[in-house]
**Student:** 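What follows is a single structure, and I will ask about it in a moment.
Proteins get letters first, then strands, A, B, ... in listed order; numbering begins at 1 in each.
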Number of protein chains: 2
Amino acid sequence: MTETSPITGLGANIQRQSTTDQAADAVRQAILSGRLLPGTPLREAALAAELAVSRSTVREAARVLASEGLVRYQMNRGIVVTESTAEDVADIYAARAALELAGVDALTEHRDPAVYADLADLVEQIEHAFHRGDTAAVLDGDRLFHATLVAATGSPRLRRFYLQLQQEQRLALALAERSRRELGRTADDHRQLLDALHRSPAQARAELTAHLHAGAAELQQLLDLLAQRKQLAHRAEGETTHG
Amino acid sequence: MTETSPITGLGANIQRQSTTDQAADAVRQAILSGRLLPGTPLREAALAAELAVSRSTVREAARVLASEGLVRYQMNRGIVVTESTAEDVADIYAARAALELAGVDALTEHRDPAVYADLADLVEQIEHAFHRGDTAAVLDGDRLFHATLVAATGSPRLRRFYLQLQQEQRLALALAERSRRELGRTADDHRQLLDALHRSPAQARAELTAHLHAGAAELQQLLDLLAQRKQLAHRAEGETTHG
DNA sequence: GATTGCCATATTGTCCGGCAATCCGGCAAG
DNA sequence: CTTGCCGGATTGCCGGACAATATGGCAATC
């Protein structure tokens, strides 16, 4: 899996990280963790001061994040953390479906036992995490399971694109919390999906699309809830201002 | 298709283009047209002078192009026009297959007559261009045909990603010239593919994969040829230097 | 002759200060 | 309530600057 030098056998390619990349990482982390909410404008000067870097560096980092879809870059209006619409969420799931179905096709065609083993491990992990009540671990396992599926295509480009989709999805629900019931369904779903992957391509495809549709619906619902809560907060704020 | 304002009915959203974007466009154009060959290092200062912009602007533009895969950004080594390996080409076709198959699925499921009409038009265009001997038009039609197929998924993200793949492919064969026979095959293939799309999903999928495999093989062969020619040139250069 | 160490040069990474263009909120006039 | 205007805040872009790093060549060494 890892590259090895033909001479030394050491694949350790040491490499410093540019300030720009570090800045991008910091902001990305803040966004994905929900510390920077969608819609938040990112003032270049303030960010530069906060990160102790120059404005040029911030701008370069912003270009990177923009290409990942985490922020939007509007002419003369600056950087804003991306706000996902309902259509965006639907689209993310549609795109996910396309890539993951390609993964299913590749897997059910080549039947690589290593991939099946990885997937089985992940299902175990997810179930364990669920019983421990470790929400973050469940979600991590979920993401890794699907990423592994796409990786089964063997295509680096599909893999990279898929990771971006996952990032966008994380951004969309950064502040949403899943209920225990939904997490349980997640755990069950993946075992079922794995079974279907063993059985037949057609069943696997069907199971996956069903799983994704359910996920999309759940996320849409969560977003609606958040929007409602936000509206209420907004209204309350208006009242206090008026009173 | 186009967005219309509920008030004026004018969808004309005028918008200036930032200098950075213009710079990126210029370089992108130069790369895709083959004026900047793969492997060419892009000196920031020189580029800035050439485009009559500042180095900061060039760097931002480079970040954009790097995110599109047209250039590579190596720490302390600067910007280099991406050199595609044989694996890259294979991967591009694998990724294309995944997305286009999603398009086939969507199309054969919904049977949107408008899309079929568009595709039929494009086949006509390609055949006309071929008979005119207009190579560029054939290739444009080819690209548009496949992009339309992917667009049938209705997913903006898949569409965007697919355009990037097409860009990368153009980069890979920027300086390769296709023979008349290959262009003819291209024209025939698309009509066959369109027929299969009318017939059955399974046949469409089969036809598409065959088409893409043939394309990949052709491109690989072209690249081998180019590599050989390059080696010969290189060797000749060495001889003159020594002599 | 091949390897190593060193040095001059070219180039990048990053920062800074600056200025015009643009956006935004508010206030006044109609 | 709309329109026009104004000032502060912010961005877009620039040019200069300097340290860190890469690169190619030359000399010293084995």
**Student:** Can you tell me if CD on B/Glu50 sees more than 12 non-hydrogen neighbours from other groups inside 6.0 Å?
**Tutor:** no
**Student:** What is the distance from CD of B/Gln74 to P of C/dA10, rounded to the nearest Å?
**Tutor:** 22 Å
**Student:** Counting heavy atoms from C-beta on, name the nucleotide in C/dT12, C/dC24, C/dT14 closest to the side chain of B/Glu44.
**Tutor:** C/dT12
**Student:** Round to a whole Å and report the spacing from OH of B/Tyr73 to P of C/dT12.
**Tutor:** 8 Å
**Student:** If you define the side chain from C-beta out and look only at heavy atoms, does anything of A/His146 sit under 4.5 Å from A/His211?
**Tutor:** yes
**Student:** What does A/Ser56 touch in the nucleic acid at a heavy-atom separation under 4.0 angstrom: a base, only the sugar-phosphate, or nothing?
**Tutor:** base
**Student:** Starting at CD of B/Gln17 and ending at C1' of C/dT22, how long is that distance when rounded to a whole Å?
**Tutor:** 17 Å
**Student:** Is it the case that A/Arg159 places NZ or CZ above or below the six-membered ring of A/Tyr162, under 6.0 angstrom from the centre and within 45 degrees of the axis?
**Tutor:** no
**Student:** Using purine N1 to pyrimidine N3 plus N6-O4 or O6-N4 for Watson-Crick, or N1-O2 and O6-N3 for G-U wobble, both under 3.5 Å, which nucleotide pairs with C/dA28?
**Tutor:** D/dT3
**Student:** Using whole Å, what does the distance between atom P of nucleotide C/dT12 and atom CD of A/Glu60 come to?
**Tutor:** 12 Å
**Student:** Out of C/dC23, C/dT14, D/dC14, which nucleotide sits closest to the side chain of A/Arg77?
**Tutor:** C/dC23
**Student:** Could you give the CD-to-C1' distance, from A/Gln22 to C/dT14, as a whole number of Å?
**Tutor:** 12 Å
**Student:** Send over the distance from A/Arg55 CZ to D/dA9 P, rounded to a whole Å.
**Tutor:** 15 Å
**Student:** Remember a base hit wins even if backbone is also touched, and classify B/Arg43 as base, sugar-phosphate or nothing at under 4.0 Å, heavy atoms.
**Tutor:** sugar-phosphate
**Student:** So, is A/Thr57 close to the C/dT14 phosphate, meaning a side-chain N or O under 4.0 Å from OP1 or OP2?
**Tutor:** no
**Student:** Toward the 5' end of DNA chain C, which comes first, B/Met75 or A/Asn76, by nearest nucleotide?
**Tutor:** B/Met75
**Student:** Measure from the side chain of B/Val53, starting at C-beta and using heavy atoms only, and say which of D/dC14, C/dG18, D/dA17 lies closest.
**Tutor:** D/dC14
**Student:** Any heavy-atom pair between the side chains of B/Gln169 and B/Tyr93 that's under 4.5 Å?
**Tutor:** yes
**Student:** Check whether the side chains of B/Gln164 and A/Arg157 place a donor and an acceptor atom closer than 3.5 Å, and report yes or no.
**Tutor:** no
**Student:** Using a cut-off of 4.0 Å on non-hydrogen atoms, how would the nucleic acid contact of B/Leu42 be classed: base, sugar-phosphate, or nothing?
**Tutor:** sugar-phosphate
